[in-house]
Amino acid sequence: MGKNTKILLIDSKLYSLESIYGAAYAFLDKAYIFLESGPKSKIKINFKGKGRLSEKKLNNLQGEFLNELLNFSLREQISKRNKKIREYIVARALISALPSRNTLSPTSKEKIWEKDPLGIAVPWEEKYSAKKQRRKKKRK
Amino acid sequence: MIIFFDKKFYHLKAVESTIKAYQGLAVFKIKNDKNKIKVKADNIDKDVNDMFKEEFCNYVLSETKKIKSQCL
């Protein structure tokens with residue numbers, strides 16, 4: 001083991017590889033990390049500080065890394081637990097974004113409106129004033 | 001300099017993309033074995049020789065992480 005280096009043995013039964021990747025990725029700017037297969041089901045993490053670090057600082061960095069590992073492990077568990085509800089929320093959001101049957105393309109809507117088979121578009125005054133005029137003509 | 005990457009933890013595509021990024025700093029040879037990926041680096045640039053291996057391995061790890069998270 002070289003100077004400025006620590007070797008961590010992580011049990012793969014306790015921590016998933018995704019959590020290890022996550023923690024390692026977060027520490028890439030602080031340390032050099034190399035992964036190897038360890039004995040039994042363990043993962044050997046070679047942890048080397050960037051620049052010269054004292055033993056105490058290196059231990060602190062190693063502790064922070066282990067904390068980050070625990071953090072990622074928990075995040076992964078929560079993510080798995082909430083997977084269904086997340087998928088449900090996204091599905092609802094996508095469905096609500098789809099156009100409904102009533103709001104078809106504007107051109108077809110306009111065409112229907114232009115036809116006006118029930119005479120709804122005719123103003124009230126025009127409709128009834130025409131009838132009144134006819135009645136007046138008949139009386140005369 | 002020879003580096004062995006365990007295939008359990010490192011992705012071949014990650015090693016290849018790292019070699020592509022580092023091709024100006026050394027001459028690389030890559031061998032894909034059953035369990036390990038062997039990378040041989042020769043004529044390493046003197047300016048980066050000190051930390052070449054560590055930086056290279058970090059880069060491969062970051063690329064592997066990116067590839068794995070894309071697969072999820």
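As a basis for the values below, the full set of heavy atoms in this structure was taken, side chains included, without hydrogen atoms, waters or symmetry mates. Letters A, B, ... are given to chains in the order of the sequence lines, protein chains preceding strands, and every chain is numbered from 1.
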- Applying a strict 4.5 Å limit to non-hydrogen atoms, the region of Leu28(A) in contact with chain B is both
- Query: What residues of residues 32-53 of chain A sit under 4.5 Å from chain B when you count only heavy atoms?
  - Reply: Tyr32(A), Ile33(A), Phe34(A), Leu35(A), Glu36(A), Ser37(A), Ile43(A), Lys48(A), Lys50(A)
- hydrophobic_cluster_shared for Val60(B) and Met1(B), side chain cutoff 4.5 Å: yes
- Item | same_hphob_cluster(Tyr25(A), Leu17(A)) at 4.5 Å side-chain heavy-atom cutoff | yes
- Message: Sort by residue number and list every residue of residues 59-87 of chain A having at least one heavy atom under 4.5 Å from chain B.
- Response: none
- Lys8(B) and Tyr21(A): which non-hydrogen atoms are nearest, and at how many Å? O-OH, 4.1 Å
- Message: Taking side chain as everything from C-beta outward and backbone as N, CA, C, O, which of these in Tyr59(B) sits under 4.5 Å from a heavy atom of chain A? Side chain, backbone, both or neither.
- Response: neither
- Which residues in residues 18-55 of chain B have a heavy atom less than 4.5 Å from any heavy atom of chain A? Met51(B), Glu54(B), Glu55(B)
- Going by side-chain heavy atoms closer than 4.5 Å, which hydrophobic residues are tied to Val90(A), directly or by a chain of links? Leu94(A)
- For residues Leu61(B) and Ala24(A), report the shortest heavy-atom separation together with the two atoms involved. CD2-CB, 3.7 Å
- Cluster overlap Leu8(A) with Leu58(A), hydrophobic side-chain contacts below 4.5 Å: yes
- Query: Does Phe56(B) belong to the same Ile/Leu/Val/Met/Phe/Trp/Tyr cluster as Leu12(B), with side-chain heavy atoms less than 4.5 Å apart forming each link?
  - Reply: yes
